[in-house]
Amino acid sequence: MAADDDIVQFDAQFLSDPDAAYAALRAEKPVHRAVTPDGSPVWLVTRYDDVRAALADPRLSLNKRNAGGGYQGFALPSALDANLLNMDAPNHTRLRSILGRGFTRARVEGLRPRIRESAVELLAALPDTGEVDLIEAFAAPLPITVICELLGISAEERPDFRSWTDQMLAPARPEDLGIAMESLWQYLVRLAAVKRATPGDDLISALIEERDVDDRMSEEELISALFLILGAGYENVVHQIGNGLAAVLTRPQILARLREDHTLLSSTVEELVRFTSPAQLAIRRFPTVDVAIGGVTIPAGDTVMLSLASADRDPDRFPDPEVLDPNRAGNSHLGFGHGPHYCIGAPLARIEIEVGLVALLDRYPELALALPYDQLRWRPSFRNRGLLALPVRVGALPSGGADGPLSTPTAAS
Ligand code: HEM
């Protein structure tokens, strides 16, 4: 964190160790001015109690219309921007309840066997020994397959769909972003038309059925919802799987216990989301009136950034927050958010992480980082923390096993 007139910058120093930067802010400047890389001035909120309360505060709007001066943000074409993360009640409530009916527990649980099959298939195609990049070979293809299953995208169309999505999230050239978004948009419009003509047992067909009752969801809202599910449901899962694996692989005792005792899986997944969530920040919010947070008055129209990553390591809420503890009690982390915008895909994400972890451990009885932990390379993003690559050695390991030094104390491991 560089001190530029005491304004927090999300610069290379900050990104080299965001946990340390957030720890300093929580202790000294829990609600503080910052500037995002695109030049938007924001207020950065870092303590658990403040972040949790703000996530549920109706005076903090997600609608860009409530943004005052200075906010730059990322502009989607309006046909893709009529989504839940740009809306407040009552519009948000209406759309969320429609989406919730398409996103039932039964539909999500029903995907579990296919997620398992997909994970096993992906891993079967990998070598028995040698070095593998688990982001490229596993963490990225798994969620794209899951999204395609959820949306009912056929096997033939998946390669195009994945390539547009990848280009949109990490464009090789700046102009690729617009091209990929346009292609995806047109594809989603065509897909919605096909599903309307021949409905299937998938989320799009379920949403169209809801949408066509009394026109309760506009066509723009339908396409924007699909686009949001794709964006929110892909990148976060890739990086949650990658970050979680890196954390487990540097804690051999946790790894060994997970192999022996699968009953630890669900609490481990929860702890991995607390400890390594890619979602560093919630979506920006704009106070509709002056609001006091942590003793600081934030004027209406300013931009507020709530740090979920910082809240989840707040020692006032989590004892020994720097310890990855699969048995942590009362783990009410904020990795999936809180309040009306709580992640609608959290149950699906949990299944993907859990199933992915089990399939990987089953496939490779011997698995270790191919690099020391502190040589792993991270994406230069202040919003979404994830690895550029996760090189591992699979199969027979040289004596000594994992050689990655532990980056944080491991009393629980
Ligand atoms: C580990 C993976 C994931 C993480 C860490 C994550 C995180 C989050 C967070 C923090 C929010 C709240 C944002 C805010 O209040 O500002 C959110 C919302 C959302 N997420 Fe996720 N998410 C994940 C996976 C998914 C998946 C798999 C899907 C769908 C397939 C999904 C769909 C959504 C949607 C639609 C919203 C908006 C909800 C609303 O505004 O009412 N997410 N997610």
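Source: prediction; values computed, not measured. Start at 1 and go down the list; that is how both ligands and their atoms are numbered. Only heavy atoms go into these numbers, but all of them, side chains included; no hydrogens, no water, no symmetry mates.
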Is it the case that ligand 1 has an N or O less than 3.5 angstrom from some N or O of [X]?
X: S277; value: no
X: Y342; value: no
X: I283; value: yes
X: E352; value: no

- Message: A cation-pi test, strictly: NZ or CZ of R328 under 6.0 Å from the centre of the six-membered ring of F318 and no more than 45 degrees from its axis. Yes or no?
- Response: no
- Task: Answer yes or no on whether R313 is positioned over the face of F275, meaning its NZ or CZ is under 6.0 Å from the six-membered ring centre and within 45° of the axis.
- Result: yes
For [X], the ligand 1 atoms whose distance to one of its heavy atoms is below 4.0 Å:
X: Q240; value: 1 (C)
X: L85; value: 37 (C), 40 (O)
X: L228; value: 35 (C)
X: L308; value: 10 (C)
X: R96; value: 38 (C), 39 (C), 41 (O)
X: I229; value: 30 (C)
X: R285; value: 14 (C), 15 (O), 16 (O)
X: G335; value: 5 (C), 7 (C), 10 (C)

- Message: For E235, is there an ion pair with R379 - N to carboxylate O distance below 4.0 angstrom?
- Response: yes
- Using 4.0 Å as the upper bound for N to carboxylate O, is an ion pair formed by R274 and E271? yes
- Is there a donor-acceptor contact under 3.5 Å linking the side chains of D38 and S40? yes
- Query: How about N66 and S61: does a side-chain donor come under 3.5 Å of a side-chain acceptor?
  - Reply: yes
- Query: Can you list the steps and then say if R107 with D202 is a salt bridge (charged side-chain N to carboxylate O under 4.0 Å, His left out)?
  - Reply: CA-CA 8 Å; R107 182 182 312 281; D202 54 66; over 6 Å; no
Around [X], counting heavy atoms of other residues, nucleotides and ligands shown, do more than 12 lie under 6.0 Å from its [atom1]?
X: D320; atom1: CG; answer: no
X: E136; atom1: CD; answer: no
X: R162; atom1: CZ; answer: yes
X: R317; atom1: CZ; answer: yes
X: R259; atom1: CZ; answer: yes

- Task: Kindly indicate, with the supporting measurements, whether the criterion ring-ring contact (aromatic ring centres under 6.0 Å, His included) is fulfilled by F14 and Y22.
- Result: CA-CA 9 Å; F14 189 105; Y22 280 127; 5.1 Å; yes
- Query: How far is atom 40 (O) of ligand 1 from its nearest protein heavy atom, and which residue and atom is that?
  - Reply: H341 ND1, 2.7 Å
- Item | ligand 1 versus F103: contacting region, heavy-atom distance under 4.0 Å | side chain
Under a heavy-atom criterion of less than 4.0 Å, does [X] contact ligand 1?
X: H338; result: no
X: H92; result: yes
X: P340; result: yes

- Give every protein N, O or S atom lying under 2.8 Å from atom 21 (Fe) of ligand 1, naming each by residue and atom. C343 SG
- Mind running ring-ring contact (aromatic ring centres under 6.0 Å, His included) on Y187 and W164 for me, showing each step along the way? CA-CA 10 Å; Y187 173 73; W164 294 324; 5.7 Å; yes
